[in-house]
Structures are given as structure tokens and as C-alpha cells.
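Report on the following structure.
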Amino acid sequence: MEKKTPKPQKPKYYVLEMFSYPSSSKLHMGHWYNYGLSDSFARFKKMKGFDVFQPMGFDAFGLPAENYAIKTGVHPADSTRDNIATMEVQLKAMNAMFDWDAEIKTCEPDYYKWTQWLFLKLYERGLAYQKEAPVNWCLSCKTVIANEQVKDGECERCGAGVEKKFMKQWFFRITDYAEELIDGLDKLDWPEKTKLMQKNWIGKSEGAEVSFASPAGDFKVFTTRADTLAGVTYVVLAPEHALTRRLTTPEHKNAVEDYIAQTARQDDVERLSAAKEKTGVFTGAYAVNPLTDEPVPVYIADYVLATYGTGAVMAVPAHDGRDYAFAKKYNLPIKQVILPVNVGGGDKGGDALPEKNGSPTPDLYEDDGVTANSGDFSGLRSAEARYKITAFLRERGRAEFRVNYRLRDWSVSRQRYWGSPIPIVYCPEHGAVPVPEKDLPVLLPYDVNFTPDGRSPLSRHDGYMNTTCPICGKAARRDPDTLDTFVCSSWYYLRYPFSKSADKPWDKRKAGKILPVDKYVGGAEHACMHLLYARFIARALRDAGWVDFDEPFTSLVHQGIILGPDGNRMSKSKGNTVSPDDYVNLYGADVLRLYLAFGFSYIEGGPWNDDGIRAVAKFAERVGRLMERAGGYQSTVHSPQSTVKDKAQSTVHSPQSTVKDKTECTIHNAQCAIADKDFPTPERETAAETELLYVYHNAVKSMAADFEVFSFNTAVARYMELVNALYKYDAGAGKDGGFLKEVCRSAVKLIAPLAPVLAQKWYGLLGKRKDVFRESYPEYDESRLKRAETEYAVQVNSKVRARVKLPSDADAKELERLALADGTVKGLLNGAAVKKAIVIPGRLINLII
RNA sequence: GCGGCCGUGGCGGAACGGCAGACGCGCCGGCCUUAGGAGCCGGUGCCAUCAAGGCGUGGGGGUUCAAGUCCCUUCGGCCGCACCA
């Protein structure tokens with residue numbers, strides 16, 4: 001090794017792909033698409049002079065391994081270990097530059113020790129707490145699942161029914177950060193769709209809490225439409241509401257009790273299907289509208305959710321569709337208090353009134369408008385009325401301005417074995433006591449019976465359960481539950497750079513040198529779970545002084561989905577799966593990667609096509625033939641790549657600074673021609689060389705820009721153009737073999753991120769032994785992207801009628817003059833006077849006659 | 001129902017409001033070959049074809065000198081939420 005002079009620090013770049021779940025032993029095409037192309041991006045960044053960190057690991061805890069164990073008897077620890085082993089082999093066959101020294105597996109004690117530590121940090125800050133709460137209980141998995149895991153009232157994983165059950169659970173207080181989690185979205189370089197999904201998931205509503213008096217005492221309702229308060233004709237409590245029974249009059253008791261029981265029996269499937277037809281019962285009681293002092297009947301109905309707002313709503317059937325449907329069914333009065341208005345039209349008028357004719361519900365108007373029938377508050381715009389009515393009631397102690405969020409706290413307890421133990425013990429005297437940090441990790445025992453019986457498997461393991469209280473030392477029991485695996489994945493990116501650190505989860509001081517993640521790549525399906533949890537945990541850790549950033553993932557990209565050849569999602573049952581291994585064996589890893597790059601728009605994905613990968617394999621061979629041929633030529637004397645560049649690397653200039661210097665040179669100082677020797681230069685420049693250099697520099701510029709935005713398909717397209725141009729040049733008379741070779745050497749660097757192994761081989765064919773990834777990514781010369789003449793489309797009255805070649809350096813006026821002087825154009829105009837000429841330099845000229 | 005995204009050749013897919021269809025597949029032709037499911041070169045949106053032309057980005061309307069791109073509307077597909085008051 002040569003002696004290295006100290007180099008200025010390269011800028012850091014943390015590229016992270018969502019780690020994989022080792023549920024099956026094989027990588028599928030989606031993994032390849034995600035990891036293979038993210039690796040190409042990472043390699044590009046490395047060649048661009050960044051100090052790239054790209055780790056890989058396994059999200060190893062979770063239900064599938066445990067379900068597999070229940071079915072087959074193979075212990076989750078064993079199947080997980082085996083699966084990881086095979087996946088590691090496959091991942092290595094990908095030839096990605098994963099930093100395997102940083103590898104983590106969340107099921108290893110040296111990882112989950114710190115997951116438990118994280119739990120304790122949240123506990124210390126009051127962000128982890130227990131409460132008896134209705135939870136989603138999967139009837140098949142026999143465990144609590146998160147709201148996010150309930151799909152259409154069914155368990156996302158197994159498809160079985162889900163019912164409500166009350167249990168004492170650990171929760172993370174993510175709702176404390178609801179506002180900040182919305183605000184933070186603005187500054188993130190994330191897909192807008194994902195940001196919007198998070199925003200909607202958090203579901204901020206600004207409104208008012210209004211008190212209604214009743215015989216059983218006051219109760220509050222939450223509303224975003226205080227402007228409609230005068231139109232309240234009844235109120236509705238959730239059946240579970242605390243006041244329900246106290247309000248109910250004796251003659252309605254039976255009906256109410258029946259309804260409560262019926263609601264409790266419903267699981268979410270029934271409640272959803274029941275949503276089509278609203279039901280409810282009258283309690284016999286009347287409450288008082290605080291604005292109008294009118295009595296309004298109190299109903300209970302399951303369309304009111306106990307878990308949102310106050311569990312009670314004021315019903316305004318004239319201006320709310322749900323209330324309207326309920327009122328129609330139970331014959332309740334409908335009172336109009338908002339009149340349609342030309343919103344936004346101002347006093348000058350403008351937009352038409354909303355059309356009501358033909359509507360099946362002419363007495364329902366849900367938009368904002370102008371208040372009416374509202375006493376002193378009539379004749380106001382909705383927004384103003386909302387404020388004034390709330391403020392008025394607030395002075396009388398009957399209302400408060402209030403913001404509500406749809407987001408609920410994160411339930412993290414799971415009645416499952418294969419997860420991180422919860423570091424809490426229950427002492428008869430001291431209650432729930434956190435395990436001291438020095439006693440971590442609480443080890444997950446191996447010898448358990450994980451057959452489900454509705455209780456946590458760990459609860460049957462006496463050796464595990466029986467412990468002592470950290471405070472008094474007396475006998476105590478451990479928490480039998482384990483943590484949601486989303487807890488494991490909420491902080492893993494922090495651990496990678498410090499995976500070997502035994503005494504702390506990460507080094508706070510060093511963390512700033514690599515964290516946060518600069519580019520995060522993974523599926524869009526995690527928008528409201530993993531990605532939200534990780535943002536929350538980062539903020540909680542920030543407030544605890546453990547990290548100094550808010551956002552874990554500065555920039556995010558979702559890859560699309562590779563479909564089966566039939567255009568459907570790949571699935572074993574459909575028999576339309578394609579295995580990456582088969583294609584790696586057939587064509588090699590680079591060809592598979594190149595095809596995934598070229599055949600799809602990265603964020604869209606699309607159907608797999610065997611013809612497509614065959615074509616890419618042929619293309620790779622075509623490039624190989626070119627490199628082989630070019631390698632046979634003698635290099636030119638001033639072989640620029642090898643001399644200047646290598647020298648540059650050994651000097652104090654980092655790749656960054658050379659790049660910058662050069663750019664400045666070309667802009668400010670034409671004398672800086674030395675730096676330009678980086679570019680391939682022919683001995684004597686003929687038109688053929690000029691043309692080749694144009695294509696080359698265009699490819700350099702476009703490909704670099706394409707890599708930055710994960711537009712791999714267009715990057716490959718530009719590369720194909722370059723290869724075609726090289727073939728053309730090689731076939732031409734009077735070619736300069738040495739020059740061709742130099743262009744090819746640079747061309748190898750251009751494609752290297754997408755074909756790392758082939759590129760190295762090609763580099764060898766061109767007489768270069770150096771690791772191509774220690775080279776800089778080529779730069780382009782802007783001056784080479786200009787040709788002497790540019791072809792202009794000449795339009796007459798916006799229709800293209802002719803194409804003329806005009807000097808590239810002419811300004812708009814000159815272009816117009818030259819175009820009008822052109823013979824063909826003159827013929828087109830046939831003497832007609834040009835009223836107006838629109839000249840777009842470099843593009844077209846539009847003559848209006 | 002609400003919110004978002006997307007509809008472009010036979011196919012995968014390109015297009016800062018500025019020549020639609022880059023690049024590739026497929027197809028047609030040429031060269032080279034004993035041969036070619038190899039390679040190299042050329043052609044290829046549709047209609048018309050001797051040519052000049054005309055028509056084209058799901059449908060309809062609009063803004064603009066100029067619209068795949070912006071606005072309205074409608075149809076179709078995908079994704080998310082789903083009684084959130």
C-alpha cells in the first residue's frame with residue numbers, strides 16, 4: 001500500500017434500505033429491486049466522492065416465524081437463524097457493497113438489549129404507560145394487533161376476524177407528538193403521497209368542545225362545525241359513554257341495555273357492515289343546547305365512536321350526512337341553519353350557487369355557507385360563525401377551542417413469544433417496576449411452549465416469570481408480553497454504525513458524523529406504521545438528549561412493485577412467481593440488476609418480462625465486445641484518465657474539491673485547460689470525434705442526474721446511446737483507436753454502479769487494474785454539449801412546417817432574422833406578413849401570420 | 001363515500017408548457033454466413049402513399065402563440081382512509 005497523505009474528510013452519506021424480514025429463506029424479486037438498485041445509487045454516490053455507509057440486517061422477530069413454529073414445531077430461533085444464513089449468502093451474491101461488519105439481527109440479545117433500553121427511556125419520560133384499553137384481538141393469532149394491522153376488520157396477517165377486548169397494555173404516547181409529526185413533514189424530501197398519508201393518518205381536526213347540560217350532568221361534544229350549533233336537533237352518545245346509563249329513563253332502560261349489549265358483541269366486521277344502515281335508540285333524556293337553550297333528545301348509536309373526541313356528538317342533520325341519515329330513519333327534525341353561498345366569490349360575486357336541483361337530499365347541505373336561524377349569529381360566514389359562537393360560549397364556560405387527532409397511542413404489548421421481552425416486573429408492593437439498565441437484557445428463554453392458548457407463552461415459563469423486585473428484592477413476576485416488532489425497527493438505523501458497541505446503544509458524539517439517514521429506500525406500505533413510529537421515536541430520543549435531529553430519514557424513495565409476467569402481483573397460488581436466483585444463474589447478478597434498472601420506471605415497477613432481461617443480457621455482451629475491441633488499441637500518449645486523475649487522488653484534493661475547482665475553472669477561467677484533460681481528448685479532432693464527444697458528455701450529464709433521482713431506466717438508455725455511438729465511431733474510417741479506448745475507459749465508470757462486476761472486468765480489458773469504484777464518476781464539459789448548428793423546428797401558426805439548421809450561438813433576434821431569410825421558410829410564408837414571432841432558443845421558432 | 005396517483009405505438013417505457021413516442025422489445029429489410037433463435041447496419045405511431053398531406057397521449061370542454069404536461073368535466077384502473085363528528 002502506498003503511503004496516504006491525510007485527506008480532507010469526505011461528506012458523509014448514509015444509504016439505507018428497509019431491512020428484510022427472514023420469514024422465508026429466499027430473497028424475492030422485490031428484495032433485488034430494492035437492494036440491487038439502491039446499491040447502484042450508493043455506488044454512484046461513492047464515486048461522486050461521498051463517504052457512503054450502506055448497512056444490511058434483519059428484522060428477525062415477529063409473528064410469521066412463531067406461526068411457522070406452531071405449525072411445524074421448528075423453534076423460531078432456529079428457523080430464523082437458518083433463514084438468515086441463506087439470505088446472507090444470496091445478499092452477498094448480489095455484489096452489493098453492504099457493510100457486513102455493521103450487520104444487525106433484531107432477535108439477538110446484543111440488539112434487543114437496546115430495544116429494551118429504549119423502552120425504559122420512554123418509560124422514564126412518561127412516554128410508555130399502561131392502560132386498560134379496548135384492543136384489537138385477532139381470533140386466530142390470539143394476540144393483540146395494532147390498529148394499523150387491522151384491514152377491513154380482519155387481521156392483516158392471517159385474515160381472521162378481529163374483536164374488541166379489554167386488556168392492560170403498554171402504550172407509547174405517540175399522540176404527544178401528533179402536532180410535531182405533522183409539522184415536520186413539510187421539510188422532508190419524501191414522496192408527497194406518503195406525506196399526505198401520514199398527515200391524514202394523524203388526522204388533525206380543529207374545532208370546539210361544547211358542553212350540553214343534561215339531567216345526569218354536563219357532557220361535552222366535539223365539533224368542527226360550531227357554526228351549525230343552532231341546527232342541533234338531537235345529540236348522540238357512544239353506547240360505551242360513561243353517562244349512558246345514568247341518563248336513560250326507566251321506560252327506555254331495556255332498549256338501551258339491549259343496544260349496549262348488542263354493540264359490545266359486535267366485532268369490527270359487523271360494525272363495518274352495519275355502517276350502511278345507521279342504528280340507535282332513544283335514552284328518554286333531553287339535553288340543553290347551550291346556544292339556543294332548546295331541549296334536544298339524547299340518543300345512543302354505534303356510529304359514534306367512544307375512542308374519538310369526547311365519545312359524544314351533537315347532531316345537525318341539515319348539514320351532516322351521517323346525522324341526516326339517522327334523522328331520516330328515526331324521524332327527527334331537520335333544521336336549516338346554513339345557507340349556500342358563493343364561497344370565494346366575494347362581494348363581487350363569482351362562483352355559481354351549488355346546484356341542488358335533482359339532488360336526492362335537497363335538505364342536506366354540508367359545505368360552508370352563511371348562518372341563518374341562529375339568533376344573533378345569523379348572517380355570518382361559516383368560519384366567522386365558528387369562531388364567534390365558540391368564543392361566546394367560552395365566556396360562559398360552555399365551550400373551549402379544541403384540536404383533536406385521529407391518531408391513537410401506539411399499543412406495543414403482544415401476547416407472543418418471538419419478540420423482545422418487556423423490561424418490567426410486577427411487585428405486589430411496588431407495582432410495575434422497570435428493570436434496571438444494568439440488568440439488561442432481559443433474555444428471552446429458549447425452552448418455552450409457544451402453542452397459543454390466549455395467554456402469552458412466556459407466562460407459562462416459571463423460570464422466566466419468577467424474579468425479584470428491583471426495589472425491595474421480594475418475589476415478583478415479569479411482564480409476560482413481548483414488544484411489537486415495530487419497536488425493534490423504529491430505531492435500527494441508529495444501531496448500524498455502532499452495532500459492535502457493547503456498553504451503549506450508540507455514541508452520541510459520533511452519531512452526528514453519520515446520522516441521520518440521507519436516503520431511505522423501501523416499500524410504500526410502511527407509510528403509516530414503521531415510518532411514523534421511527535419519526536416519533538427519533539423525537540422522543542431527541543427530547544431525552546440522545547440524538548440531535550428530529551427526522552430519521554431525510555430523503556425517502558419508494559420502489560415500485562415487480563409484478564408477475566401476467567401483470568398480477570406475484571404469488572405462489574397464482575403460479576406467476578419468478579425467482580431472482582434462476583436469473584442470477586442464467587445471466588449473472590449484473591445482468592439481473594441491469595434489467596431491473598432498465599425495464600421499469602423505478603417508482604412504478606411493472607410486469608416481469610423474460611424478453612426484456614434477454615435483451616439486456618445481449619446488450620451486456622455487446623458492451624463486452626466493444627471493450628474487448630477497444631482494449632486492443634494503443635492508448636494515446638496523453639492518456640488523461642490514468643495520469644491526471646490518479647495524481648489528483650494522491651494530492652490533498654478530495655474528489656469533491658477537484659470537481660468544484662474544475663467547474664469554477666470552466667466558468668470563470670478559460671485558461672484552466674489542464675483540468676479539462678480529465679476529459680477524453682482525441683489526437684486530431686474530426687467531425688466524428690466531435691460527435692462522439694457530444695454523445696459522451698451528454699451521457700455523463702444525463703446519467704449523473706438520473707442516478708440522483710433513481711431514474712435508472714433513462715440512465716441505461718443514455719448509456720445505450722453512448723455504446724451505439726462508440727460502435728459507429730469504431731466502424732468509421734480514420735478513427736483514433738487510442739481515443740476510442742479512453743472514451744471506453746470513462747464509459748466503464750459511467751455504468752459501473754449498475755454493473756459492478758462486469759465493469760471491473762471491462763476495465764481490465766481496457767488495461768486498467770484499479771478498482772473502478774476508487775475512481776471518480778466522470779464529469780462532463782458543458783461546452784461539448786453545444787453543437788455549431790442546432791436544428792430548429794419552424795412553425796407557422798403553431799404547426800411545424802420546416803426544419804432549418806441555425807447557428808447555436810445566435811440570439812433570439814438573430815434566429816428570427818436567419819429563419820425568415822431561409823429559402824424554405826420564405827416559400828412557406830409565401831409573402832405573408834409575420835405578425836409575431838416566438839423564438840425559443842435551442843428549440844423552435846413559431847411564426848404567426 | 002373521502003383523499004391521492006395513473007390512463008402515451010403491438011409491448012416495457014421516454015418527454016424543463018416548446019418538434020410526442022428517447023432507449024429497448026417485437027416486426028420488416030440489408031450485410032455477413034454452410035447455417036443462424038448469433039453478430040453488424042438500416043427502417044418502423046396511425047391513415048394515405050407516387051406524393052402533398054391528414055390524424056394522433058382514455059372521452060368532452062377551456063387557458064395559451066404553443067397542452068401528454070395547466071384548469072374544468074366525464075369514463076376507466078390502482079393505492080390509502082373508511083361513521084374521526
Side-chain angles (χ1 to χ4, degrees), chain A residues 148 151-153 191-205 207-208 221-225 228 235-236 238 268 271-272 274-276 278 301-305 307-316 319-323 325-326 404-408 524-525 527-528 558 561 567 595 598-601 603-604 606-616 618-619 621-622 625 702 711 713-724 727-728 730-731 791-803 835-849:
Chain A
E148 292 86 337
K151 295 272 182 268
D152 299 325
E192 289 303 320
K193 184 181 81 176
T194 307
K195 292 203 267 186
L196 191 65
M197 276 169 66
Q198 284 208 354
K199 197 177 165 193
N200 291 340
W201 186 261
I202 296 166
K204 179 179 181 176
S205 298
V221 302
F222 175 71
T223 180
T224 55
R225 294 297 303 273
T228 65
V235 294
V236 191
D268 274 10
R271 199 150 169 171
L272 272 172
K276 284 167 195 148
K278 297 215 182 320
D302 64 3
Y303 82 90
V304 175
L305 304 174
T307 47
Y308 181 77
T310 61
V313 302
M314 60 184 223
V316 187
H319 307 293
D320 181 284
R322 297 156 300 182
D323 300 339
F326 191 82
N404 263 325
Y405 300 92
R406 210 188 71 111
L407 184 70
R408 319 270 173 84
E525 67 275 16
C528 298
H558 295 309
I561 297 168
Y595 169 59
F598 181 62
F600 311 86
S601 159
I603 57 167
E604 300 286 332
W608 178 269
N609 184 339
D610 273 353
D611 288 341
I613 190 168
R614 201 173 300 132
V616 169
K618 282 186 186 178
F619 172 70
E621 283 167 18
R622 179 171 156 87
R625 284 190 298 274
S702 304
S711 182
N713 56 344
T714 51
V716 177
R718 294 295 85 75
Y719 197 70
M720 287 171 165
E721 286 170 351
L722 175 58
V723 171
N724 290 342
Y727 264 88
K728 190 170 184 177
D730 185 45
E791 189 181 82
Y792 277 80
V794 178
Q795 298 182 327
V796 177
N797 287 344
S798 305
K799 287 218 171 227
V800 179
R801 294 298 177 187
R803 292 167 208 287
K835 276 199 291 189
K836 188 178 173 188
I838 292 124
V839 180
I840 310 295
R843 299 265 179 191
L844 57 71
I845 296 162
N846 189 1
L847 304 170
I848 309 303
I849 59 172

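Worth knowing before you read on, the calculation uses all heavy atoms, side chains too, and leaves out hydrogens, waters and symmetry mates. Just so it is clear: chains get the letters A, B, ... in the order the sequence lines come, proteins before strands, and each one is counted from 1. Note that the structure is a prediction, hence the values are computed from the model and not measured.
Residue A:Asp323 is classed as having no contact, given no heavy-atom separation below 4.0 Å to the nucleic acid. When heavy atoms are screened at a 4.0 angstrom cut-off, A:Leu196 is found touching the sugar-phosphate backbone but no base atom. Contacts of A:Lys204 with the nucleic acid, taken as non-hydrogen atoms under 4.0 Å apart, are absent.
The 5' end of RNA chain B is approached more closely, in terms of each residue's nearest nucleotide, by A:Arg625 than by the other of A:Arg625 and A:Lys836. Remark on RNA chain B: of its neighbouring residues A:Asp320 and A:Ser798, the 5'-side contact belongs to A:Ser798, judged by nearest-heavy-atom nucleotide.
Look at the C1' atom in both B:rC79 and B:rG18: the space between them is 34 Å, to the nearest Å. Look at the P atom in both B:rA15 and B:rC81: the space between them is 30 Å, to the nearest Å. Nucleotides B:rG21 and B:rU33 are separated by 35 Å at their C1' atoms, to the nearest Å. Taking atom C1' on both nucleotides, B:rU63 is separated from B:rG17 by 12 Å, rounded to a whole Å. The gap from the P atom of B:rG10 to that of B:rC47 amounts to 9 Å, rounded to the nearest Å. A gap of 12 Å separates the C1' atoms of B:rG26 and B:rG9, to the nearest Å. Separation of the P atoms belonging to B:rG61 and B:rC55 is 15 Å when rounded to the nearest angstrom. To the nearest whole angstrom, the two P atoms, one in B:rG58 and one in B:rG77, are 16 Å apart.
Pairing of B:rG76, defined by two Watson-Crick or G-U wobble distances under 3.5 Å, is identified with B:rC6. Summarising the base pairing, B:rG1 is matched to B:rC81 through a Watson-Crick or G-U wobble pair whose two defining distances lie under 3.5 Å. Remark: B:rG37 base-pairs with no nucleotide; criterion is Watson-Crick or G-U wobble with both hydrogen-bond distances under 3.5 Å. Under the Watson-Crick and G-U wobble criteria, each requiring two contacts below 3.5 Å, nucleotide B:rU63 is left unpaired. Both distances falling under 3.5 Å, in either a Watson-Crick or a G-U wobble arrangement, occur for no nucleotide opposite B:rA48. The partner of B:rC23 is B:rG12, judged by Watson-Crick or G-U wobble contacts that both fall below 3.5 Å. The partner of B:rG68 is absent, by the rule that a Watson-Crick or G-U pair needs both atom distances under 3.5 Å.
Contact record, A:Ser205 with A:Tyr308: OG-OH, 3.4 Å, taken as the closest heavy-atom pair. In terms of heavy atoms, A:Phe326 sits closest to A:Ala301 at CE1-CB, 3.9 Å. Nearest heavy-atom pair across A:His319 and A:Arg225 is O-NH1, 4.5 Å.
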Show each protein N/O and nucleotides 7-16 of chain B N/O combination with a separation under 3.5 Å, one pair to a line.
residue : atom : partner  : partner atom : Å
B:rG12  : O2'  : A:Gly599 : O            : 2.5
B:rG13  : OP1  : A:Gly605 : O            : 3.1
B:rG13  : O3'  : A:Asn713 : ND2          : 3.1
B:rA14  : OP1  : A:Ser601 : OG           : 3.1
B:rA14  : OP1  : A:Asn713 : ND2          : 3.2
B:rA14  : O5'  : A:Asn713 : ND2          : 3.4

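Distance CG (A:Asp302) to P (B:rA82): 17 Å, rounded to an integer number of Å. Separating the CE atom of A:Met197 from the P atom of B:rG4 is a distance of 14 Å, rounded to the nearest angstrom. Distance NZ (A:Lys618) to P (B:rG24): 13 Å, rounded to an integer number of Å. One atom, CG of A:Asn724, and another, P of B:rC41, lie 7 Å apart when rounded to the nearest Å. Spacing between atom NZ of A:Lys799 and atom C1' of B:rA20 amounts to 14 Å, rounded to whole angstrom units. In this structure, NZ of A:Lys728 is placed 14 Å from C1' of B:rC40, rounded to the nearest angstrom. Between the CD atom of A:Glu525 and the C1' atom of B:rC81 there is a distance of 17 Å, rounded to whole Å. In this structure, CH2 of A:Trp201 is placed 5 Å from P of B:rA82, rounded to the nearest angstrom.
Listed nucleotides B:rA85, B:rG24, B:rG18 differ in distance to A:Gln795; the shortest reach to its side chain belongs to B:rG18. Listed nucleotides B:rG4, B:rA22, B:rA85 differ in distance to A:Lys193; the shortest reach to its side chain belongs to B:rG4. Listed nucleotides: B:rC81, B:rA22, B:rA85. Nearest to the side chain of A:Arg406: B:rC81. The A:Ile838 side chain lies nearest to B:rC65 when the options are B:rA22, B:rC41, B:rC65. Closest to the A:Asn200 side chain, of the nucleotides B:rC40, B:rG3, B:rA22, is B:rG3. Distance from the side chain of A:Arg801 is smallest for B:rG54 among the nucleotides B:rA85, B:rC83, B:rG54.
Contact check of residues 308-316 of chain A against RNA chain B (heavy atom, cut-off under 4.0 Å) returns A:Tyr308, A:Val313.
In this model, no side-chain donor or acceptor of A:Asp611 finds a partner on the base of B:rC25 within 3.5 Å.
Annotation: A:Ile603, atom CD1; neighbour count of heavy atoms from other residues, nucleotides and ligands within 6.0 Å does not exceed 12. Sparse packing is recorded around NZ of A:Lys728, with 12 or fewer heavy atoms of other residues, nucleotides or ligands lying under 6.0 Å away.
Of the charged side-chain nitrogens involved, none lies within less than 4.0 Å of a carboxylate oxygen, so that A:Lys618 and A:Glu621 do not count as a salt-bridged pair.
Going from atom CD1 of A:Ile561 over to atom CD of A:Glu525 covers 7.0 Å, rounded to the nearest 0.5 Å. The CZ atom of A:Arg718 sits 9.5 Å away from the CG atom of A:Asn713 when rounded to the nearest 0.5 Å. Taken from NZ in A:Lys836 to CG in A:Asn797, the straight-line distance is 12.0 Å, to the nearest 0.5 Å.
Distance alone, capped at 3.5 Å, is enough to place a donor-acceptor pair between the A:Tyr595 side chain and the A:Asn609 backbone. A donor-acceptor pair is defined here as one N or O able to donate and one able to accept, closer than 3.5 Å; such a pair exists between the side chain of A:Tyr727 and the backbone of A:Arg622. The backbone N or O of A:Val316 sits less than 3.5 Å from a side-chain atom of A:Asp323, completing a donor-acceptor pair.
A:Tyr719 has no side-chain polar atom (N or O) that falls below the 4.0 Å cut-off from OP1 or OP2 of B:rC23. Taking side-chain N and O atoms only, A:Arg614 has no distance below 4.0 Å to OP1 or OP2 of B:rG24.
Anti is the classification of B:rG17, since its glycosidic angle lies more than 90° from 0.
Counting heavy atoms from C-beta outward, A:Ile840 and A:Tyr792 have side chains that stay 4.5 Å or more apart.
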